[in-house]
Amino acid sequence: MDFKQVVTEHLKQVIPDMSESEIEQLIEVPPNPEMGDYSFPCFKLAKLYRKSPNQIAEDLAKQISVTDSIESVSNMGGYINFVVNKLLLATKVISNVLREGDNYGKCNYGQNRNVVVEYSSPNIAKPFHIGHIRSTAIGHAIDRIYEFIGFNTISVNHLGDYGTQFGKLIVAIRRWGDREEIAKNPINELLKLYTRFHDEAEEDPSLEDEAREVFHQLEEKTDQDVVDFWQWIRDVSMAEFNRVYKLLGIEYDSWAGESFYSDKMPAIVEHLEKMDLLKESQGAQIVDLEEFNMPPALIKKKDGSTLYITRDLAASKYRKDHYDFFKNIYVVGSPQELHFKQWKKVHELSGYDWANDCIHVAFGTISLEDGVLSTRKGRVVVLEDVLRKSIEKTKEIIQQKNPNLENLDKVAEQVGVGAIVFQELSNSRIKDYTFSWDRALTFEGETGPYTQYTHARCCSLLERGKADLSEEIDYSILAKNMDAINVIKRIDTFNEVLMRSANKYEPHHLTRFVLDVCQAFNKFYHDNPILSAKEEEKRAYLALVKCTKIVIKNALWILGMEAPEKM
Ligand code: ARG
């Protein structure tokens, strides 16, 4: 149990009208330590108790008794202020972190239950662009957050590798494509062909029929040549995507994309029929959702071909059958809000109550300075270019600052990629934002490189200090040092922050946490000579350095970032 939880429990005993999590969320760490280590604002209680916040704080403070962990309780200006036993705090936190090491922060909340996390899921034959960093980085972090708190996570890439557009693409390749050219620069060439198809189809609508026919052949697998074509498009696209996933350190447990469900959709359609949910509308099969104020879910087109939503219905059913998930999480942009609402509603109507365990984790849109991203209009920033430029710039900076660094290329990659990922995870996910090269390539201030640098600084101190931390540590040295206590208090909240990030599907709580730890640590580092301190002091200080290093490394791992020891 961390100290914030201890404070929460004390408060809970005197405020039965609030839940523990409500109380915990209100607890603050006062900016001025003289006001205590933790404080609780009573403003929200004023309405409930019909008294002034001042009065409430005074009354409640009197009722809370001191314990081993809490040294004193007082009130000031509507706040209840807690002073904790610093020696106990330092002893508990430091010894715990040193003992747990790489496992510090983990818990068994998940009890090994299965959580499916679907993220990234780009469409084949289309560029993997800057917009995709969102689902990719947020999803990867959520996957690891859930893993850290004890769930068995299954990461899924629901690759967009199916649909009528592949009929069009195959027709275009057959007519105008040069396979060798395509192989040289697949995504670009395929995109050109796709655009050409649309231009030519305006003149000659029979192309559309041809494309429909080809997709039909693909769905029915009646023409091997068509299937091979599609497979080839998938392979060349995957090779491009995999380069990016490799840079990001992402590996999937499942690549079951849309095509994977081609033979699982008939059962879905049958079930909908059995439940009497399917209706015919202009030759197509739909589920009417008017009653729920939504447009109908289009399940099958007039020509019998299936749709995006049909595949999503099949996918979630498959995941339920296959993984019996506790939760099934979709990290997909907010423009697909309606799609996920319709899909969930259809499942609910089908009698699948587990639909409520499926969660759409939405996020805002990225636009470019000259407008929205548009592959058709050629307004696109390729994600791999952003990562490579960031790596390049990192390399230049390191070459200036630390020209003798070993493994320069590897470290530049870890830091350059980390910068982009950290930035992506720094804001609440639902916010829209505009991509800017300048911002992407800024490494000063509250950035990923700053946290990685702080980690490397810890490593260097530990290497130079050579303290034997298995010997007894005098924790009173840390307890007396306000700078040290501030670092310890931050470190102590790691698990609570993780739980909050998990419950809200918000990795940005965690980026904030790492920054706070780093800032508190750097203050300690600047104001307290560590390596020149006397032996006992030095050992206590280095124990704190070690704990800081551990917690930064664990947090960065969860965020999907490396923590190089030197940079
Ligand atoms: N491929 C889709 C796109 O790029 C995202 C897939 C989202 N996942 C899902 N299960 N529908 O827009």
Side-chain angles (χ1 to χ4, degrees), residues 115-140 142-143 154-166 169 187 190-191 194 230 233-234 237-238 240-242 244-245 250 252-262 264-265 268 294 297-299 306-323 325 327-347 352 354-355 357-367 372-376 380-383 429 505:
V115 167
V116 176
V117 189
E118 186 216 288
Y119 61 96
S120 196
S121 310
N123 297 327
I124 63 168
K126 293 258 177 73
F128 198 25
H129 58 67
I130 185 66
H132 291 111
I133 187 71
R134 304 223 67 188
S135 171
T136 309
I138 297 170
H140 191 213
I142 290 178
D143 178 5
I154 299 125
S155 54
V156 179
N157 193 320
H158 187 78
L159 204 61
D161 59 0
Y162 221 55
T164 35
Q165 68 270 33
F166 296 104
L169 207 47
I187 304 279
L190 291 172
L191 193 62
Y194 190 62
W230 167 84
I233 297 172
R234 194 178 191 274
S237 304
M238 288 274 295
E240 296 231 2
F241 300 159
N242 275 328
V244 177
Y245 292 133
I250 292 178
Y252 282 97
D253 297 313
S254 161
W255 281 93
E258 292 188 44
S259 66
F260 178 77
Y261 301 100
S262 62
K264 296 168 185 67
M265 284 182 286
I268 290 290
M294 285 187 261
L298 188 51
I299 304 293
T306 55
L307 290 112
Y308 184 53
I309 195 163
T310 329
R311 293 187 274 282
D312 258 327
L313 291 166
S316 37
K317 176 75 169 69
Y318 173 83
R319 289 178 198 170
K320 184 66 199 173
D321 293 344
H322 205 70
Y323 303 114
F325 54 70
K327 270 186 192 178
N328 175 24
I329 298 171
Y330 296 80
V331 186
V332 182
S334 52
Q336 296 198 30
E337 202 97 50
L338 176 63
H339 163 77
F340 280 105
K341 278 194 181 141
Q342 290 174 303
W343 151 85
K344 199 179 218 174
K345 189 47 88 186
V346 173
H347 266 337
Y352 296 145
W354 48 260
D357 305 325
C358 297
I359 292 133
H360 175 205
V361 173
F363 52 82
T365 316
I366 298 191
S367 38
V372 289
L373 281 158
S374 162
T375 34
R376 284 235 193 128
V380 39
V381 172
V382 175
L383 178 53
R429 60 186 156 75
Y505 311 99

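One-based numbering along the sequence shown. In listed order, ligands and their atoms are each counted from 1.
Under the salt bridge (Lys or Arg N to Asp or Glu O under 4.0 Å) criterion, Lys264 pairs with no residue at all, not counting sequence neighbours. With sequence neighbours left out, the ring-ring contact (aromatic ring centres under 6.0 Å, His included) criterion links His132 to Phe128, His129. For Lys317, the salt bridge (Lys or Arg N to Asp or Glu O under 4.0 Å) test picks out Asp321, with sequence neighbours left out.
Sparse packing is recorded around NZ of Lys341, with 12 or fewer heavy atoms of other residues, nucleotides or ligands lying under 6.0 Å away.
Within the model, atoms OG of Ser155 and CD1 of Ile142 stand 13.0 Å from one another, a figure rounded to the nearest 0.5 Å.
Closer than 4.0 angstrom to ligand 1 sit non-hydrogen atoms from Glu118, Ser121, Asn123, His158, Tyr308, Asp312, Tyr330, Val332, Gln336, Phe340.
Minimum heavy-atom separation, Tyr119 to Ile250: OH-CG2, 3.7 Å.
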